[in-house]
Q: 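For reference, the structure I am asking about is given below.
Below, read A as the first sequence line, B as the second, and so on, with proteins coming before strands; counting in each chain starts at 1.
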Amino acid sequence: MSAESTLARAGWQPVIFGERLRRADLLALVPSWPLQSFRLHVLRNHSFEFVASVLRPFLAYAGWEAQITYSDYDDSLSEPPDPKADVVLVWVDFDRYRLDGDQLAKWIDRRLTLLRQATDSPILVTDWGADGDAAVRFNAALRASTERLPDVCVAEQSAIARSLGKGYLDRRGALVSAMALSDVACLETARQFGLGVMPGILEPGIKAVALDFDGTLYEGVLGDDGPAGIVITAAHAELHRRLLELRIRGIFLAGVTHNEPADVDRLFAERKDFALRREHFSSLVVGWSPKRDGLRRVAGDLRIAADAILFIDDNPGELASAASELPGIRCFHAGEPSLTVRAVGLFPGLRRSASTATDRLRVRDLAAAAKRDEKQRQSKDPDSYLRSLDVQLGFAVDSRADQRRMQELSNKTNQFNTALLRLSATEVARYIDEPARHAVSISLRDRLSDSGVIGAMFTRLDGRRLVVDEVDISCRALGRRLERLMIMEAVRRAIGSGDVAEVAFAFRPGPRNTPAREWLAEVAGPFPEGAGSVSTPWNAAEVDRLLASAPVHVREGHLLREAA
Amino acid sequence: MTDAVDVAVRSVLGTVFGRPIALDEMLSAKTEPAWDSLRHVEVLLAVEGALDVRFDEEELAQLDSVEKLVRSVKRHRAA
């Protein structure tokens with residue numbers, strides 16, 4: 001996003017993140033930046049139009065525009081979904097049904113199962129926006145259904161209903177429109193959908209929040225006012241608390257501040273009411289170099305791309321500079337602290353349907369990476385280096401428990417991603433379920449950290465040829481010279497007892513997957529330009545020897561993944 | 001003399017219909033082709049939010065012109 005677009009978006013913040021949303025203010029917002037389009041199909045039994053009209057500005061803030069198609073008003077939800085839809089929304093007023101909560105749960109489970117079979121697109125279903133016993137039981141059952149079905153998630157109308165209380169419904173509207181939601185409920189629903197839910201489905205999430213200090217995390221200037229002179233208002237304290245919650249969910253916190261290192265040391269030492277401690281920052285750049293350079297350093301320290309960073313600063317000039325120098329970086333202007341608090345909860349890409357064990361492991365794993373790098377520098381022999389780390393690789397074939405993580409790897413991995421297929425949950429499920437296809441997940445642990453599931457391989461059998469449709473390895477697992485071992489063992493497990501003479505790796509070039517290309521060229525020799533595949537004979541005995549002499553331990557399954 | 005409520009209501013309607021509404025335009029559901037039943041609800045919700053009023057249930061269907069909207073807003077504010 002350009003500097004101009006970044007500043008224009010910052011101008012929307014008071015409306016988009018305001019405590020009280022106003023329909024007229026939202027309708028007046030017209031984006032001046034390019035948007036990505038997607039098709040949203042709404043299967044419904046009540047009106048969505050009054051959400052849709054104000055969904056537009058929230059989606060635009062997130063960089064998206066929806067082409068919306070609708071079913072008829074249909075309590076049976078039996079219309080087939082638009083086959084071209086990128087997302088299917090099941091927008092249901094459950095108050096309309098004359099079934100008890102348990103009957104309704106069984107019915108919606110069957111409907112969602114059929115719908116899942118009818119479309120490959122992600123499905124979003126609203127829960128029951130009520131708080132009675134029936135609704136609570138129903139919502140729990142609905143959540144269980146969506147956890148069972150791939151790529152189906154819940155939009156929690158019940159949470160909005162709880163926060164608005166009696167203001168959630170407005171029966172006056174039912175007289176002139178097929179809807180009982182109040183205006184404020186429509187506006188809040190649009191905000192949750194446009195900033196949180198839809199971007200969470202459509203794009204990779206933010207992995208780090210990089211924070212300015214002065215004027216952002218407190219009032220005042222540390223260098224002028226000293227640690228005792230800065231003011232941590234109640235809103236700032238709340239901001240700190242929300243940031244720490246993000247960290248617990250697996251989002252890195254980073255600091256990029258124009259200050260003297262000694263002053264920052266004193267801040268951490270002297271202000272015990274400053275809830276963010278030095279150890280909470282996975283990367284901290286203190287000094288007077290341009291912040292864009294500081295942000296580059298943060299990206300390097302965290303091993304992530306700049307487009308996975310949200311930069312929060314009270315200086316619009318710094319935001320503009322970062323936006324123009326670091327393509328894709330997201331920016332938020334820290335003005336009124338209460339807006340920043342709300343943005344930390346709502347900013348597109350920060351909210352995901354669920355934080356995974358891998359998200360939480362990522363933050364712990366990074367601290368170990370620095371020690372690992374030091375060990376590698378000290379070691380003259382790569383094998384002894386790996387042995388000293390006590391590396392353990394775990395493999396699981398067609399593990400349903402790893403389905404979500406494997407899909408995440410296909411969609412988020414950029415450097416070591418051989419085919420950039422960006423598989424949907426349904427497509428991953430096919431690799432797991434179909435006899436001639438396999439999905440192999442790979443986990444990694446060493447004496448310094450547990451990295452969790454860091455690799456996925458998707459294969460299919462074509463006669464005596466195993467076609468590897470895609471290999472994904474997280475950047476957290478690169479640089480240890482383990483790629484060959486991981487991939488060959490994954491291939492061996494995908495083959496199982498099958499009779500395979502050749503392994504073909506599909507490849508599609510992308511802007512960042514040079515590491516995957518170089519590895520394939522090393523394994524399979526001369527490499528075609530553009531998309532295609534490279535093959536190598538399968539010699540099981542040779543691979544067995546390679547693995548037997550490898551300075552790592554290979555295990556069945558990922559027993560260690562959830563270790564604290 | 002400029003009527004602040006009239007100006008504010010026209011501003012909201014201009015946002016909903018995507019064009020400026022002049023102070024002398026007698027805008028209504030009869031004169032504005034885009035003022036259909038869905039847009040009518042959008043108008044009511046937008047005016048309520050912008051001017052901090054809550055229309056009565058029985059008048060919702062009747063508020064189909066600038067004039068009626070302005071009159072109702074003033075009545076609610078005076079109440």
Q: Measure the CZ-OG1 distance between A:Arg22 and B:Thr15 for me, rounded to the nearest 0.5 Å.
A: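 Answer rounded to 0.5 Å: 13.5 Å.
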Q: Report yes if some heavy atom in the side chain of B:Glu42 is under 4.5 Å from a heavy atom in the side chain of A:Glu49; otherwise report no.
A: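 No - every pair of side-chain heavy atoms lies 4.5 Å or more apart.
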Q: Using a cut-off of under 4.5 Å on heavy-atom pairs, state which of A:Leu21, A:Val184, A:Val54, A:Leu27 scores highest against chain B.
A: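 Ranked by heavy-atom pairs under 4.5 Å with chain B, first place is A:Leu27.
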Q: Just wondering, are more than 12 heavy atoms of other shown residues or ligands nearer than 6.0 Å to CG in A:Asp131?
A: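 Not buried by this count: 12 neighbours or fewer within 6.0 Å.
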Q: Can you measure from SG (A:Cys186) to CG (B:Leu45) and round to the nearest 0.5 angstrom?
A: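 Here the rounded value is 7.0 Å.
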Q: In this structure, are over 12 heavy atoms from other groups packed under 6.0 Å from A:Glu4 atom CD?
A: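 Not more than 12 within 6.0 Å, no.
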Q: State, to 0.1 Å, how close B:Ala50 and A:Ala24 come at their nearest heavy-atom pair, and which atoms those are.
A: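 So the minimum-distance heavy-atom pair works out to CB-CB, 4.2 Å.
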Q: Flag the pair B:Leu44 / A:Arg172 as yes when at least one side-chain heavy-atom distance between them is below 4.5 Å, and no otherwise.
A: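 No; the side chains remain at least 4.5 Å from each other.
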Q: Between B:Arg39 and chain A, which part of the residue has a heavy atom less than 4.5 Å away: side chain, backbone, both or neither?
A: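 For B:Arg39, there is no contact with chain A at all, as no heavy atom is under 4.5 Å.
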Q: Working to the nearest 0.5 angstrom, can you tell me the gap between B:Arg54 CZ and A:Asp170 CG?
A: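 B:Arg54 CZ to A:Asp170 CG: 4.5 Å, rounded to 0.5 Å.
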